[in-house]
Amino acid sequence: MTTVLVLGANGKIAKLAEDRFFADGDLKVKLFLRNASRLDSANTKDAEIIEGDVTDESTLAAAVKGVDVVYANLAGGNIEDQAKAVVQALDAQNVKRLIWISTLGIYDEVPGKFGEWNNKTLGSYITNYAAAAKVLEDSDLDYTIIRPAWLTNHDEVAYETTQRDDTFKGTEVSRKSVADFVYKLVKSPTQEVRHSVGLNKPNTDGDKPAWY
Ligand SMILES: NC(=O)c1ccc[n+]([C@@H]2O[C@H](COP(=O)([O-])OP(=O)(O)OC[C@H]3O[C@@H](n4cnc5c(N)ncnc54)[C@H](OP(=O)(O)O)[C@@H]3O)[C@@H](O)[C@H]2O)c1
């Protein structure tokens with residue numbers, strides 16, 4: 001039985017991943033989120049629910065204790081501080097495996113006009129997320145950083161991957177695809193360890209995401 005802790009458990013990708021975790025009888029699930037009253041206990045099976053902010057050291061430490069894998073689906077202007085708090089908690093509790101949702105563009109790996117548009121549109125969001133990714137890369141954790149393209153809510157699982165030093169492909173990917181990839185990583189703990197993986201829907205190259 002693998003125990004997975006979800007940080008930011010009310011996030012949109014997180015909820016899709018949780019559906020996959022709940023359907024898997026070999027996973028024990030812990031859900032960590034701010035304002036836990038938003039979760040409907042009818043939909044969370046027998047998951048353990050912990051209310052907290054990841055920057056609250058003692059609450060996070062207690063949540064991380066004894067888990068096999070942490071999946072962080074976090075966001076915000078203080079994402080670098082959140083990364084530091086998460087790395088510190090995993091180190092302190094001797095937990096090695098971390099799956100971290102980041103974004104495209106943190107290595108200036110998005111080519112051409114789309115890359116220029118992405119940088120301009122996202123601005124300091126990218127530099128904040130790059131700084132957070134560096135916190136993980138400077139740690140000795142078994143992390144996987146996921147860099148999704150622009151997210152859609154399409155009901156589809158269709159994606160390909162690129163590695164850190166590859167040119168990013170495509171413009172979009174569905175949240176359901178990211179959740180699928182997260183689930184596969186949770187089930188295969190040695191896959192993509194210390195890798196930073198770009199995720200995109202095949203054949204979606206363009207100067208902007210299709211809906212812009
Ligand atoms: N939109 C795009 O096209 C795109 C593309 C690539 C990557 N991304 C990134 O992918 C990530 C996941 O996407 P998503 O759609 O699942 O995002 P989301 O729905 O905004 O989920 C992020 C979650 O992080 C939680 N969170 C933020 N700060 C926290 C803290 N200090 N402690 C605990 N929880 C905290 C939020 O909690 P609350 O619910 O309490 O606010 C929220 O539920 C985000 O970082 C997003 O920026 C987005």
Side-chain angles (χ1 to χ4, degrees), residues 5-21 30-40 44 49-64 70-89 98-107 109-110 114-115 117-119 121-133 135-136 144-154 159 161-162 168-183 196-201 204 206 208-212:
L5 169 67
V6 184
L7 303 178
N10 203 47
K12 292 185 277 298
I13 298 172
K15 290 186 111 172
L16 295 168
E18 287 153 22
D19 288 343
R20 302 290 297 276
F21 300 160
K30 290 173 86 172
L31 303 175
F32 185 102
L33 72 163
R34 303 185 288 197
N35 187 3
S37 66
R38 291 175 294 174
L39 287 186
D40 178 355
T44 53
I49 295 169
I50 304 138
E51 183 168 278
D53 187 300
V54 292
T55 58
D56 176 350
E57 194 179 328
S58 58
T59 317
L60 184 61
V64 165
V70 175
Y71 155 43
N73 194 93
L74 299 165
N78 68 339
I79 194 76
E80 182 183 5
D81 287 340
Q82 294 184 48
K84 285 178 182 165
V86 170
V87 168
Q88 189 187 341
L98 173 63
I99 300 165
W100 178 269
I101 307 294
S102 180
T103 185
L104 78 168
I106 59 170
Y107 310 117
E109 77 283 20
V110 183
F114 176 51
W117 178 87
N118 191 62
N119 277 334
T121 308
L122 296 179
S124 62
Y125 167 92
I126 289 198
T127 41
N128 291 337
Y129 275 60
V135 171
L136 271 60
T144 304
I145 295 166
I146 300 177
R147 290 174 285 116
W150 282 66
L151 293 166
T152 74
N153 291 321
H154 297 156
Y159 61 96
T161 61
T162 48
F168 198 87
K169 289 186 182 175
T171 53
E172 67 175 74
V173 71
S174 69
R175 287 183 171 85
K176 201 169 182 182
S177 294
V178 183
D180 181 78
F181 188 59
V182 168
Y183 174 68
S196 178
V197 183
L199 238 63
N200 69 285
K201 180 177 176 179
T204 60
K208 292 177 186 178
W211 59 94
Y212 274 92

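Every number for a ligand or one of its atoms is a count from 1 in the order of the listing.
Annotation for Lys30: atom NZ counts as buried by contact number, over 12 foreign heavy atoms lying within 6.0 Å.
Taking any N or O of Arg175, backbone or side chain, at least one lies under 3.5 Å from an N or O belonging to ligand 1. Of the N or O atoms in Leu151, one or more lie within a sub-3.5 Å distance of an N or O in ligand 1. Polar contact with ligand 1: absent for Trp150 (N/O pair, distance under 3.5 Å). Polar contact check, Ile101 against ligand 1: no nitrogen or oxygen pair lies under 3.5 Å apart. Not one N or O of Gly52 is nearer than 3.5 Å to an N or O of ligand 1, by distance alone. Annotation: Ala14 places no N or O atom under 3.5 Å from an N or O atom of ligand 1; distance criterion only.
The only member of Ile126, Thr127, Leu122 that meets side-chain contact (heavy atoms from CB on, under 4.5 Å) when paired with Ser124 is Thr127.
If you check which protein heavy atom lies closest to atom 26 (N) of ligand 1, you get Arg34 NH2, 3.7 Å. Here the heavy atom of the protein found nearest to atom 32 (N) of ligand 1 is Val54 N, 3.0 Å. Looking only at protein heavy atoms, the nearest one to atom 21 (O) of ligand 1 is Gly11 CA, 3.3 Å. What sits closest to atom 13 (O) of ligand 1 on the protein, heavy atoms only, is Ile13 CD1, 3.6 Å. Looking from atom 25 (C) of ligand 1 to the surrounding protein, the closest heavy atom is Gly8 CA, 4.0 Å. With respect to atom 20 (O) of ligand 1, the closest heavy atom belonging to the protein is Lys12 NZ, 4.0 Å. Nearest protein heavy-atom neighbour of atom 17 (O) of ligand 1: Asn73 ND2, 4.1 Å.
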Starting from the C-alpha separation in whole Å, work towards a yes-or-no answer on side-chain contact (heavy atoms from CB on, under 4.5 Å) for Leu39 and Leu31.
-> CA-CA 10 Å; Leu39 287 186; Leu31 303 175; 3.8 Å; yes
Could you check Val64 against Val86 for side-chain contact (heavy atoms from CB on, under 4.5 Å), going step by step and ending with a plain yes or no?
-> CA-CA 9 Å; Val64 165; Val86 170; over 6 Å; no
From CA spacing to verdict: side-chain contact (heavy atoms from CB on, under 4.5 Å), Leu7, Leu60 | CA-CA 9 Å; Leu7 303 178; Leu60 184 61; 3.7 Å; yes
Step by step, would you call Asn73 with Trp100 a side-chain contact (heavy atoms from CB on, under 4.5 Å)?
-> CA-CA 7 Å; Asn73 194 93; Trp100 178 269; over 6 Å; no
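Every atom of ligand 1 is numbered from 1 in the order shown, and the set under 4.0 Å from a heavy atom of Ser102 is 7 (C), 8 (N), 9 (C), 10 (O). For ligand 1, the atoms sitting less than 4.0 Å from at least one non-hydrogen atom of Tyr125 are 7 (C), 8 (N), 9 (C), 46 (C), 47 (O), 48 (C), numbered in the order shown with element in parentheses. Listed by number with element, the atoms of ligand 1 under 4.0 angstrom from any heavy atom of Arg38 are 38 (P), 39 (O), 40 (O). Atom numbering of ligand 1 starts at 1 in the shown order; those under 4.0 Å from a heavy atom of Ala149 are 5 (C), 6 (C). Within the listing of ligand 1, atoms 30 (C), 31 (N), 32 (N) sit less than 4.0 angstrom from a heavy atom of Asp53. Less than 4.0 angstrom separates some heavy atom of Ala75 from each of these atoms of ligand 1: 22 (C), 24 (O), 27 (C), 28 (N), 44 (C), 45 (O).
Under 4.0 Å from ligand 1, not a single heavy atom of Ala9 appears. Residue-level proximity to ligand 1 for Gln82 is carried by the side chain, the only part with a heavy atom below 4.0 angstrom.
In terms of heavy atoms, Tyr107 sits closest to Ala133 at OH-CB, 4.5 Å.
How far CD1 of Ile49 is from OG of Ser37: 10.5 Å, rounded to the nearest 0.5 Å. To the nearest 0.5 Å, the span separating CG on Asn119 from CZ on Phe114 amounts to 10.0 Å. Here the CG-CD distance, from Asn118 to Glu109, works out to 8.5 Å after rounding to the nearest 0.5 Å. Going from atom CG of Asn128 over to atom CD1 of Ile106 covers 12.0 Å, rounded to the nearest 0.5 Å. Taken to the nearest 0.5 Å, the OG1 atom of Thr152 stands 11.0 Å off from the NZ atom of Lys176.
Ligand 1 is never approached by Gly76 to a heavy-atom distance shorter than 4.0 Å. Within the 4.0 Å heavy-atom shell around ligand 1 one does not find Leu33.
Note: Phe21 and Tyr183 have tilted aromatic rings, judged against thresholds of 30 and 60 degrees for the angle between ring planes.
For atom 35 (C) of ligand 1, the candidate residues are Thr59, Asn118, Leu74; the nearest heavy-atom contact is made by Leu74.
Side-chain rings of Trp150 and Tyr212 approach one another, their centers coming within less than 6.0 Å.
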